[in-house]
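Let me begin by handing over the structure; questions about it come next.
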Amino acid sequence: MYLYSTNNPDLRASLKEAVLQGLPQDKGLYMPDHIGRLPADVLRNLDLQSFEQIAFAICRNIFGNEIPDADLEEIISHTLTFDAPLVPLGEDAAVLELFHGPSLAFKDFGARFMARLISWFGRNEKRETTILVATSGDTGGAVAYGFYQTPGVRVIILYPSGKVSDLQEKQLTTLGENVMALEVEGNFDDCQAMVKQAFLDSSLAGVVNLSSANSINIARLIPQCFYYFRAWQQIPSGRRGNVVFSVPSGNFGNLTAGLMARKMGLPVSKFIAATNINAIVPHYLHTGEYTPAPGKPTISNAMDVGNPSNFARMHDLADHSLQKMREVVEGYSFTDEETRTGMKEVYKKHQYIIDPHGAVGWLALQQYQQEHPDSYGVVLETAHPAKFLDVVNPTLNLEVPVPERLAILANREKKALKIGNQYPDLQSVLLNL
């Protein structure tokens with residue numbers, strides 16, 4: 001298989017090159033040259049497929065024969081050591097819990113898969129691979145745990161100072177060994193811009209062997225397709241005629257993976273782009289104007305992105321047509337006050353504790369279903385509510401139980417290097433590894 005750049009369809013790369021490079025040199029994003037439908041027998045018998053069988057069919061569909069069956073099966077089996085259960089909330093909605101992995105966030109799927117894929121591609125390499133990643137919250141923890149103690153791989157995580165929750169910060173600053181955290185005096189967009197510039201910095205060539213674990217890397221998106229099919233399996237058979245997914249969105253990797261799943265034959269009517277006040281994509285869908293802006297801080301911090309990278313892929317999947325994107329994506333945005341109200345409503349009506357990001361998705365689904373009452377909606381619950389105790393506890397006036405894997409972090413020592421928000425600050429770190 002080959003992948004092309006969203007900036008230049010003639011710029012091609014192999015799967016190995018795309019995964020290990022992360023970004024093409026023209027500052028675009030890699031996309032598979034072909035995303036075909038899954039085999040007819042797989043789609044016809046989705047209910048009979050295991051989670052691993054669905055994942056294998058998706059990978060084989062995209063990768064072709066790049067990876068031998070036995071190796072691909074092993075990569076998938078080591079990735080999917082936990083499920084993505086669908087929890088009903090009433091008769092016409094459910095939440096897809098994506099927080100049952102090691103870091104309690106949906107990004108565990110992508111990070112674990114990518115760690116094993118990079119390890120497989122690098123099995124004969126002599127140089128160490130440095131994974132460089134920016135996080136607005138959950139990516140950092142997932143990548144840290146996914147790549148922790150992986151031979152031949154070093155991880156460097158950039159995160160915005162004071163703009164991730166305490167437990168999120170502890171997840172990415174307390175592991176040590178091959179995981180290094182950089183606390184950036186800026187916002188997530190600053191972190192992401194620095195990471196992108198590092199990949200395009202010719203002075204690093206030959207000094208550092210860089211790869212990315214952000215959703216800018218195509219290896220992160222492919223495993224995120226898996227759980228859309230897993231969710232569909234769990235929807236009551238009588239409610240599958242008009243399925244919509246409401247996706248809490250920041251950098252839009254999750255929604256892009258959903259669009260890819262739809263191209264592969266997932267029977268979905270609509271995706272809902274649910275954002276906080278950083279409403280760049282909903283604004284585009286409503287007005288046709290795409291106007292990136294600095295990210296604004298909210299209580300749904302992992303979505304505080306003002307210039308979402310994966311919009312380029314969304315635009316590509318829609319053939320660069322606003323009308324085509326509108327046919328499959330609806331956009332809504334909400335304030336912090338509305339988000340808190342949504343959290344309270346979910347708890348009052350369903351006795352379900354939803355985190356701030358999931359609450360944004362829930363609010364968007366409720367608004368959509370007012371106009372489409374015949375739909376069945378699935379909200380992606382992207383992180384465990386215990387990761388946001390400073391928001392959830394006072395909002396719901398209760399004490400959320402903290403899973404043991406989070407509780408043990410409370411007394412661990414934070415180890416992070418503080419740097420500025422300009423690229424030379426990062427470059428200096430990389431040149432002195």
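All residue numbers in this chain count up from 1 along the given sequence.
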Tell me whether the centres of the aromatic rings in Phe99 and His384 are closer together than 6.0 Å. yes
Below 4.0 angstrom, N of the basic side chain to O of the carboxylate: do Lys163 and Asp304 qualify? no
Could you check whether Tyr30 and Gln21, counting side-chain N and O atoms only, form a donor-acceptor pair closer than 3.5 Å? yes
Locate the shortest heavy-atom distance separating Ser246 from Ala274; write the atom from each residue and the value.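 Nearest pair, atom of Ser246 first, then Ala274: OG-CB, 4.1 Å.
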Pro32 versus Met260, closest heavy-atom pair with distance: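 Reported closest heavy-atom pair: CG-CE, 4.4 Å.
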Between Asp47 and Arg240, does any side-chain N to carboxylate O distance fall below 4.0 Å?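 Salt bridge: yes.
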Does any donor atom in the side chain of Gln427 or Ser203 lie under 3.5 Å from an acceptor atom in the other side chain? yes
Under 3.5 Å: donor-acceptor pair, side chain of Asn301, backbone of Pro297: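 No: the side chain of Asn301 does not pair with the backbone of Pro297.
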For Asn242 and Ser269, what are the C-alpha separation, side-chain angles and deciding distance, and is it a side-chain hydrogen bond (donor to acceptor under 3.5 Å, both in side chains)? CA-CA 6 Å; Asn242 187 10; Ser269 298; 2.8 Å; yes
Do the non-hydrogen side-chain atoms of Val155 and Thr150 ever get within less than 4.5 Å of each other?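 With C-beta onward as the side chain, the pair stays apart.
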Is a side-chain donor-acceptor pair under 3.5 Å present for Arg230 with Gln233?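 Distance-only check passes for Gln233 and Arg230.
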State, with a plain yes or no, whether a side-chain heavy atom of Pro267 is found less than 4.5 Å away from one of Val243.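 Pro267 vs Val243: side chains apart.
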Tyr227 and Phe51 aromatic centres sub-6.0 Å: no
Under 3.5 Å, is there a donor-acceptor pair linking the side chains of Lys387 and Ser103?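 No, no side-chain donor-acceptor contact under 3.5 Å.
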Mind listing the closest non-hydrogen atom pair of Ala94 and Tyr376 along with its distance?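 Reported closest heavy-atom pair: CB-OH, 3.5 Å.
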Taking every non-hydrogen atom, the tightest pair across Leu86 and Gln234: N-OE1, 2.9 Å
Nearest heavy-atom pair of Ala257 and Cys225: which atoms, and what distance? O-SG, 3.4 Å
Is the closest side-chain donor-acceptor distance between Gln171 and Tyr145 under 3.5 Å?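 Checked: Gln171/Tyr145 side chains show no N/O donor-acceptor pair below 3.5 Å.
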List the steps, then state whether side-chain contact (heavy atoms from CB on, under 4.5 Å) holds for Leu363 with Glu338. CA-CA 8 Å; Leu363 288 166; Glu338 290 170 323; 4.3 Å; yes
Is atom NZ of Lys270 surrounded by more than 12 heavy atoms (other residues, nucleotides or ligands) closer than 6.0 Å?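 Yes, because the 6.0 Å sphere around NZ of Lys270 holds more than 12 heavy atoms from other groups.
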Are side-chain N/O atoms of Arg220 and Ser212 paired as donor and acceptor at under 3.5 Å? no
Is the side chain of Asn307 donor-acceptor paired with the backbone N or O of Pro292 at a distance under 3.5 Å, no angle test?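 Answer holds: no.
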Taking atom types as modelled, is there a side-chain donor on Ser5 or Asn7 under 3.5 Å from an acceptor on the other?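 Asn7 and Ser5 do not have a side-chain donor-acceptor pair below 3.5 Å.
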Please find out if less than 6.0 Å separates the ring center of Tyr228 from that of Phe245. yes
I'd like to check Met180 versus Leu417 (side-chain heavy atoms, cut-off strictly below 4.5 Å). Are they in contact? yes
Would you indicate whether the side-chain heavy atoms of Pro24 and Tyr4 approach each other to under 4.5 Å?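 No, too far: nothing below the 4.5 Å cut-off.
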Output, in order, the C-alpha distance, side-chain angles, deciding distance and verdict of salt bridge (charged side-chain N to carboxylate O under 4.0 Å, His left out) for Arg239 and Asp92. CA-CA 8 Å; Arg239 299 308 309 272; Asp92 61 357; 5.7 Å; no
When you compare the side chains of Tyr423 and Asp190, does any donor N or O come within less than 3.5 Å of an acceptor on the partner?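 No, Asp190 and Tyr423 have no side-chain donor paired with an acceptor closer than 3.5 Å.
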Pairwise side-chain contact, Thr298 with Asn278, heavy-atom cut-off 4.5 Å (strictly under): yes
Without hydrogens or angle criteria, can the side chains of Asp374 and Gln369 be said to hold a donor-acceptor pair below 3.5 Å? no
Taking atom types as modelled, find out whether Glu177 and Tyr148 have a side-chain donor-acceptor pair closer than 3.5 angstrom.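 Judged by distance alone, the side chains do pair up.
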Can you see which heavy atom on Asp189 is nearest to which on Val305, and at what distance?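 Minimum heavy-atom contact is OD1-CG1, 3.7 Å.
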Looking at Asn310, Ile280, Val247, which one forms a side chain to side chain contact (heavy atoms under 4.5 Å, CB included) with Phe252?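 Per the side chain to side chain contact (heavy atoms under 4.5 Å, CB included) rule, the option paired with Phe252 is Asn310, out of Asn310, Ile280, Val247.
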For residues Gln192 and Asn251, is any side-chain donor paired with an opposing acceptor at under 3.5 Å? yes
Between Phe311 and Tyr290, ring centroids under 6.0 Å: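 When the ring centroids of Phe311 and Tyr290 are compared, they turn out to be within the sub-6.0 Å range.
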Within the side chain of Arg37, is there an N or O that forms a donor-acceptor pair under 3.5 Å with the backbone of Lys263?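 No.
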Answer whether the closest heavy-atom distance between the side chains of Thr135 and Val143 falls below 4.5 Å.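 Not in contact.
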Sub-4.5 Å side-chain heavy-atom contact between Val153 and Ile131: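 Side chain of Val153 against side chain of Ile131, heavy atoms only: contact under 4.5 Å found.
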With heavy-atom distances below 4.5 Å as the criterion, would you say the side chains of Asn187 and Cys191 are in contact?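 Answer no - side chains too far apart.
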Is the His78-Phe113 ring centre distance short of 6.0 angstrom?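 Centroid distance His78-Phe113: not below 6.0 Å, so no.
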